[in-house]
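All values derive from a computational prediction rather than experimental measurement. One-based numbering along the sequence shown.
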Amino acid sequence: MLLIHLDVPNITIMEARNFITSREMIQDNNWLLTTMNGEPRYQKPPLPTWLTAISAMLFGANSLFALRLPAAFMVLFLGIFSYYFSLKLSLSKNHSFRNSLILVTSFYVIGIINEAPWDIFAHGFMFAGLYFLFNFFEENKAIWKNAFLAAVFFGLSMLSKGPVSLFALFLPFLISYGIVFKFKTFKQKIVPFISFILLFLIIGSWWFIYVRYADPEAFLAIASRETDNWSSYNVKPFYYYWSFFIQSGLWTIPAFIGLLYPYMIHRVLHKKIYKFTFLWTIIAVVLLSTIPEKKARYLMPVLIPLALNTGFYIQFLIKEFSNLSKKKDTLPVYFNFGLIATIGVSVPIILYVILNDSLKLFITNYILTAVVLLIIGILLFRSLVQKNMKNTFYLSVCFLVSVFVFGLPISKVFNKNEAFTPINSLHKYEEKHSINTYAIGNLTPEFIWDYNGKIKNIYKNNDIKTPTENKFGLLLSSENFNKISIELNTNYNLEFIKTYNLNVGAKQKDRLISQFYLVTKK
């Protein structure tokens with residue numbers, strides 16, 4: 001289920017940045033001093049880029065499937081540790097398995113693969129570290145082993161995205177654990193705990209130290225920009241994350257009800273564990289809300305404790321729903337899963353209307369999607385009537401999986417842009433005319449990725465650094481045309497050749513459109 005959409009051709013700006021860096025690792029053999037378009041890119045530590053580059057070396061450097069594969073495996077990795085972490089919380093195997101399914105089918109946990117930020121690596125490794133740290137706190141055996149393994153995964157998390165997961169996942173875990181479990185047997189573990197801290201700091205920070213001394217000027221400039229972004233970039237109000245449970249997608253309503261502490265605390269068997277997952281979730285949201293810079297994907301770590309917390313509500317429904325009669329207990333369930341069932345039985349008509357003239361192109365996917373979702377929708381209605389919540393839960397998971405397996409190729413029908421022109425075709429023109437291509441202003445990463453090469457920006461600090469060649473190619477956007485009209489027209493002839501448009505949908509983004517000129521010295 002996690003691998004089914006890896007070959008979707010559309011590439012996001014975040015994917016482009018990270019995949020370019022992976023490609024240049026391979027092409028230029030710069031595995032430590034990472035670059036993008038030949039320029040230093042030290043904003044993110046290199047571990048996910050290494051893993052992506054290795055996958056690319058095995059399966060193809062320009063294969064989106066290969067480049068997305070490590071992130072997909074990290075979702076699977078996250079699901080496995082969710083299962084074992086739940087078992088450590090004394091939950092049953094079935095309950096633990098459902099927790100794992102809730103996590104890996106949450107909207108943004110799946111969606112983050114297609115955006116390819118390195119968050120999934122940072123939080124996946126951190127969650128594995130927390131599993132061993134929980135063992136370290138709770139058990140009096142294998143103390144050093146658990147401390148060592150926790151340190152290794154904490155260090156790998158830092159090598160994936162710096163200290164982000166320490167703040168977003170570890171700190172709220174530590175606070176909620178202290179409130180609920182009180183660190184009862186911690187005194188005799190102080191030395192291994194200090195060793196754990198030192199080891200994960202060494203593992204997690206060596207690359208930063210290396211780059212700081214190997215390329216100090218670029219490192220400090222990038223670090224300064226990144227620090228400024230925390231307080232001046234994408235600034236959102238404190239309450240921006242308060243609808244965080246919506247990011248769980250299919251589980252939005254169950255996740256919301258699972259967070260109603262006064263309602264749930266009297267309906268769960270493991271009250272202490274429920275209190276722990278509840279506090280972990282809420283404290284994580286509060287801490288993230290204190291940072292001025294906010295993005296939807298920064299909520300991804302919250303979905304980890306949220307999935308564990310939601311599992312308590314699903315477990316309650318499986319055990320007790322057949323005995324419930326009050327509307328406040330049954331209405332949300334019928335609405336949530338009834339809506340999924342309604343969508344399922346409506347899909348044949350909805351898809352038929354959407355596809356319209358394109359139906360013949362996607363007839364196989366249409367038939368498979370329509371039939372499977374129709375059957376799942378009917379079975380969902382049947383399970384709800386029978387008040388069989390176990391079947392309802394698993395059918396809902398099957399619904400989501402089926403949408404991705406059978407329905408995702410149909411999304412190509414929305415990618416209609418007659419003007420789409422890939423820029424990788426420019427290489428033939430360059431070869432024919434024996435020219436190099438430059439850019440006025442930094443090109444968006446999607447262009448660099450599609451070009452499959454480096455394009456030097458000759459416009460910096462409000463000044464054009466004119467190439468020494470008598471003839472060269474020039475890429476620029478419409479808004480940058482005025483920058484060259486005066487400075488270049490005096491000494492050069494500009495011949496418009498072609499517009500490259502990387503927009504795949506009807507909605508046009510200006511940053512994905514660039515004009516190419518042949519520039520010849522007078």
Side-chain angles (χ1 to χ4, degrees), residues 1-4 70-110 112-113 119-139 142 145-146 149-150 152-154 156-157 165 169-170 172-173 176-177 180-181 247-251 254-255 258 268-270 272-274 276-278 280-281 284 300-319 389-398 400-401 404:
M1 190 279 277
L2 298 172
L3 309 181
I4 52 183
F73 276 125
M74 282 306 300
V75 174
L76 181 61
F77 179 84
L78 197 61
I80 291 171
F81 270 95
S82 174
Y83 174 77
Y84 285 108
F85 193 93
S86 298
L87 289 179
K88 280 295 177 182
L89 293 174
S90 302
L91 304 179
S92 69
K93 289 183 178 180
N94 288 331
H95 188 167
S96 300
F97 181 61
R98 285 189 286 269
N99 284 354
S100 181
L101 286 179
I102 292 170
L103 178 56
V104 300
T105 56
S106 293
F107 167 71
Y108 214 81
V109 173
I110 297 174
I112 208 168
I113 302 175
D119 304 56
I120 188 65
F121 293 89
H123 304 313
F125 287 130
M126 179 57 68
F127 191 44
L130 293 178
Y131 167 78
F132 292 107
L133 189 64
F134 186 83
N135 291 343
F136 173 83
F137 287 145
E138 288 292 296
E139 299 177 1
K145 176 184 176 182
N146 284 319
L149 290 172
V152 169
F153 283 111
F154 270 55
L156 295 179
S157 175
S165 204
L169 202 55
F170 169 60
F173 164 86
S176 56
Y177 181 91
V180 176
F181 296 99
Q247 296 289 353
S248 58
L250 187 72
W251 313 110
V268 296
L269 178 62
H270 302 278
K272 189 174 184 180
I273 305 303
Y274 169 72
F276 169 62
T277 60
F278 171 80
W280 187 0
T281 305
M300 190 264 155
V302 177
L303 297 180
I304 297 173
L306 180 63
L308 303 180
N309 196 73
T310 305
F312 283 105
Y313 179 59
I314 297 298
Q315 183 71 8
F316 162 70
L317 291 179
I318 289 173
K319 295 291 185 182
M389 281 308 301
K390 182 182 288 188
N391 285 351
T392 300
F393 173 81
Y394 288 113
L395 283 168
S396 298
V397 173
C398 289
L400 185 65
V401 172
F404 280 95

Does the pair Phe134 and Phe181 meet the rule for a side chain to side chain contact (heavy atoms under 4.5 Å, CB included), with working shown?
CA-CA 11 Å; Phe134 186 83; Phe181 296 99; 4.2 Å; yes
Working to the nearest 0.5 Å, report the span between CZ of Phe85 and CG of Leu130.
6.5 Å
Might you point out which heavy atoms bring Phe393 and Ile314 nearest each other, and give the distance in Å?
CD1-CG2, 3.7 Å
Could you state the interatomic distance from OG1 (Thr281) to CG (Asn309), rounded to the nearest 0.5 Å?
5.0 Å
Side chains of Trp251 and Thr105 only: does a donor on one sit below 3.5 Å from an acceptor on the other?
yes
To the nearest 0.5 Å, what is the distance between OG1 (Thr392) and NZ (Lys390)?
12.0 Å
Is there any salt bridge (Lys or Arg N to Asp or Glu O under 4.0 Å) pair reaching into residues 78-93, and which pairs are they, with sequence neighbours excluded?
Lys88-Glu139
Do Glu138 and Tyr177 get their side chains close enough for a donor-acceptor pair, meaning under 3.5 Å?
yes
What closest approach, in Å, do Leu169 and Pro305 show between heavy atoms, and which atom pair accounts for it?
CD1-CD, 4.3 Å
Side chain to side chain contact (heavy atoms under 4.5 Å, CB included) between Phe132 and Val152: does it pass, once the steps are laid out?
CA-CA 10 Å; Phe132 292 107; Val152 169; over 6 Å; no
For Ser248 against Leu306, the heavy-atom pair lying closest together
CB-CD2, 4.4 Å
Any non-hydrogen side-chain atom of Leu400 less than 4.5 Å from a side-chain atom of Ile110?
yes
Working note: Leu89 + Phe276, criterion side chain to side chain contact (heavy atoms under 4.5 Å, CB included); need CA distance, chi angles, decisive distance, verdict.
CA-CA 10 Å; Leu89 293 174; Phe276 169 62; 4.1 Å; yes
Quick check: closest heavy atoms across Leu101 and Tyr394, and the distance to 0.1 Å?
CD1-CE2, 3.7 Å
Out of curiosity, Tyr131 OH to Leu149 CG, how far, rounded to the nearest 0.5 Å?
10.0 Å
If I take atom CZ from residue Phe316 and atom CZ from residue Phe312, how far apart are they, to the nearest 0.5 angstrom?
13.5 Å
Which atoms form the tightest heavy-atom contact between Ser90 and His270, and what is the distance?
O-CE1, 3.4 Å
Relative to the ring of Phe170, is the ring of Phe154 parallel (under 30°), tilted (30 to 60°) or perpendicular (over 60°)?
perpendicular
Can you list the residues that meet the side chain to side chain donor-acceptor pair (under 3.5 Å) rule with His123, with sequence neighbours excluded?
Ser165
Looking at Ser92 and His95, would you say the former's side chain and the latter's main chain have a donor-acceptor pair under 3.5 Å?
yes
All heavy atoms of Ser82 vs all of Leu103, minimum pair found to be CB-CD2, 3.7 Å
From CA spacing to verdict: side chain to side chain contact (heavy atoms under 4.5 Å, CB included), Leu78, Ile304
CA-CA 9 Å; Leu78 197 61; Ile304 297 173; 3.8 Å; yes
Does Phe107 have more than 12 heavy atoms from other residues, nucleotides or ligands lying within 6.0 Å of its CZ?
no
Report the distance from atom CZ of Phe173 to atom OG1 of Thr277, rounding to the nearest 0.5 Å.
12.0 Å
Tell me if the centroids of the rings in Phe81 and Phe77 come within less than 6.0 Å of each other.
yes
Between the side chains of Ser86 and Asn99, is a donor N or O closer than 3.5 angstrom to an acceptor N or O?
yes
Under 4.5 Å between any side-chain heavy atoms of Asn94 and Phe97, yes or no?
no
For the pair Thr310 (side chain) and Gly258 (backbone), establish whether a donor and an acceptor sit closer than 3.5 Å, ignoring hydrogens and angles.
no
Tell me whether the rings of Phe127 and Trp280 are parallel (<30°), tilted (30 to 60°) or perpendicular (>60°).
tilted
Within a reach of under 6.0 Å around NZ of Lys145, are more than 12 heavy atoms found that belong to other residues, nucleotides or ligands?
no
